[in-house]
Amino acid sequence: QVQLVESGGGLVQAGGSLRLSCAASGRTFSMYVVAWFRQAPGKEREFVAAISRRGDSTLYADSAKGRFAISRDNAKNTAALRMNSLKPEDTAVYFCNAGASISYFSPGAYWGQGTQVTVSS
């Protein structure tokens, strides 16, 4: 089992950048695929990006390609999502997610509490 805690959200102007962090407890973090999902007001939670256990493979939603970068440091039990060129439509609560396998429509079993990202126009 793993516990996840996100940080780094906030208010930023359109075109700005933010770096979200996900700190994981437990010694088995490297056993899990890690992903970021987001949920905007009135919308369903959606996939943003995922990274493989060793960090050698990544997957992005079309909305994140070219702007966001997911990374992880297994030695520090952390993952991150660097977000550049932010748009108002990126406004959402962002969740760190971990599991044995993750895809666009199948999140992992473990969730953080979420961190709010608000992009002003």
Side-chain angles (χ1 to χ4, degrees):
Q1 192 171 1
V2 62
Q3 293 182 329
L4 306 171
V5 178
E6 304 94 333
S7 61
L11 174 64
V12 63
Q13 289 188 332
S17 298
L18 278 176
R19 184 179 185 274
L20 305 183
S21 296
C22 176
S25 64
R27 296 177 292 176
T28 59
F29 180 67
S30 61
M31 294 176 58
Y32 298 105
V33 178
V34 174
W36 289 90
F37 286 75
R38 68 185 183 186
Q39 187 167 19
K43 295 187 177 181
E44 293 186 354
R45 192 173 298 185
E46 65 175 4
F47 172 86
V48 176
I51 188 166
S52 60
R53 292 171 180 79
R54 294 188 297 179
D56 53 356
S57 179
T58 57
L59 179 68
Y60 294 94
D62 287 344
S63 59
K65 288 179 182 176
R67 300 189 300 126
F68 294 3
I70 188 171
S71 61
R72 68 188 296 166
D73 186 336
N74 287 338
K76 296 182 179 179
N77 278 8
T78 60
L81 183 69
R82 176 70 180 179
M83 304 185 295
N84 297 323
S85 302
L86 283 162
K87 306 174 182 179
E89 50 263 44
D90 293 318
T91 295
V93 178
Y94 283 72
F95 297 89
C96 184
N97 177 254
S101 65
I102 297 173
S103 66
Y104 287 98
F105 302 109
S106 296
Y110 306 106
W111 293 96
Q113 82 289 351
T115 185
Q116 176 70 46
V117 171
T118 302
V119 184
S120 64
S121 57

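In terms of the side-chain contact (heavy atoms from CB on, under 4.5 Å) criterion, residue partners of Glu89 (sequence neighbours excluded) are, by chain and number, Lys87. Arg53 is linked by a side-chain hydrogen bond (donor to acceptor under 3.5 Å, both in side chains) to nothing, counting only residues two or more places apart in sequence or in another chain. When the side-chain hydrogen bond (donor to acceptor under 3.5 Å, both in side chains) test is applied to Gln3, no partner is found at least two apart in sequence or on another chain. Contacts of Glu46 classified as salt bridge (Lys or Arg N to Asp or Glu O under 4.0 Å), with partners at least two apart in sequence or in another chain: Arg38. For Arg82, the side-chain hydrogen bond (donor to acceptor under 3.5 Å, both in side chains) partners are Asn84, not counting sequence neighbours. Under the rule for a side-chain contact (heavy atoms from CB on, under 4.5 Å), the partners of Val117 that lie at least two apart in sequence or sit in another chain are Leu18, Leu20, Met83, Tyr94, Val119.
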Side chains of residues 101-110: which donor-acceptor pairs under 3.5 Å do they make with residues two or more places apart or in other chains?
{"residue": "Ser103", "atom": "OG", "partner": "Ser106", "partner atom": "N", "Å": "3.4"}
{"residue": "Tyr104", "atom": "OH", "partner": "Tyr60", "partner atom": "O", "Å": "3.1"}

Enumerate, atom names and distances included, each donor-acceptor pair closer than 3.5 Å involving a side-chain atom of residues 64-73, sequence neighbours excluded.
{"residue": "Lys65", "atom": "NZ", "partner": "Asp62", "partner atom": "OD1", "Å": "3.1"}
{"residue": "Arg67", "atom": "NE", "partner": "Ser63", "partner atom": "O", "Å": "3.4"}
{"residue": "Arg67", "atom": "NH1", "partner": "Ser85", "partner atom": "O", "Å": "2.9"}
{"residue": "Arg67", "atom": "NH1", "partner": "Asp90", "partner atom": "OD2", "Å": "2.8"}
{"residue": "Arg67", "atom": "NH2", "partner": "Ser63", "partner atom": "O", "Å": "2.7"}
{"residue": "Arg67", "atom": "NH2", "partner": "Asp90", "partner atom": "OD1", "Å": "3.0"}
{"residue": "Arg67", "atom": "NH2", "partner": "Asp90", "partner atom": "OD2", "Å": "3.4"}
{"residue": "Arg72", "atom": "NE", "partner": "Asn74", "partner atom": "OD1", "Å": "2.8"}
{"residue": "Arg72", "atom": "NH1", "partner": "Tyr32", "partner atom": "O", "Å": "2.8"}
{"residue": "Arg72", "atom": "NH1", "partner": "Ser52", "partner atom": "O", "Å": "2.8"}
{"residue": "Arg72", "atom": "NH2", "partner": "Phe29", "partner atom": "O", "Å": "3.0"}
{"residue": "Arg72", "atom": "NH2", "partner": "Tyr32", "partner atom": "O", "Å": "3.0"}
{"residue": "Arg72", "atom": "NH2", "partner": "Asn74", "partner atom": "OD1", "Å": "3.1"}
{"residue": "Asp73", "atom": "OD1", "partner": "Ala75", "partner atom": "N", "Å": "3.1"}
{"residue": "Asp73", "atom": "OD1", "partner": "Lys76", "partner atom": "N", "Å": "3.3"}

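Ala98 and Val2 make their closest contact through CB-CG1, 4.2 Å (heavy atoms, listed as atom of the first residue, atom of the second, distance). Ala14 and Pro88 get closest at one heavy-atom pair: CB-CD, 4.1 Å. Nearest approach of Glu6 to Phe95, heavy atoms of both residues: OE2-CA, 3.3 Å.
Here NZ of Lys43 is found 10.0 Å from OG1 of Thr91. Values are rounded to the nearest 0.5 Å. From Ile51, atom CD1 reaches atom CG of Leu59 across 11.0 Å, with rounding to the nearest 0.5 Å.
Among pairs with a residue in residues 50-121, those fulfilling disulfide bond (SG atoms under 2.5 Å apart) read Cys22-Cys96, at least two apart in sequence or across chains. Sorted pairs that involve residues 43-86 and meet disulfide bond (SG atoms under 2.5 Å apart), not counting sequence neighbours, are lacking altogether.
Leu81 is connected to Val12 through a chain of hydrophobic side-chain contacts under 4.5 Å among Ile, Leu, Val, Met, Phe, Trp and Tyr, so both are in one cluster. By the criterion of side-chain heavy atoms lying less than 4.5 angstrom apart, applied directly or through intervening Ile, Leu, Val, Met, Phe, Trp or Tyr residues, Leu4 is not grouped with Val93; the two fall into different hydrophobic clusters. Under the 4.5 Å side-chain heavy-atom criterion for ILVMFWY residues, a single connected hydrophobic cluster contains both Phe37 and Val33.
Without hydrogens or angle criteria, Gln113 side chain to Val5 main chain gives no donor-acceptor distance under 3.5 Å.
In this model, no donor atom of one side chain and acceptor atom of the other lie less than 3.5 Å apart for Arg19 and Ser17.
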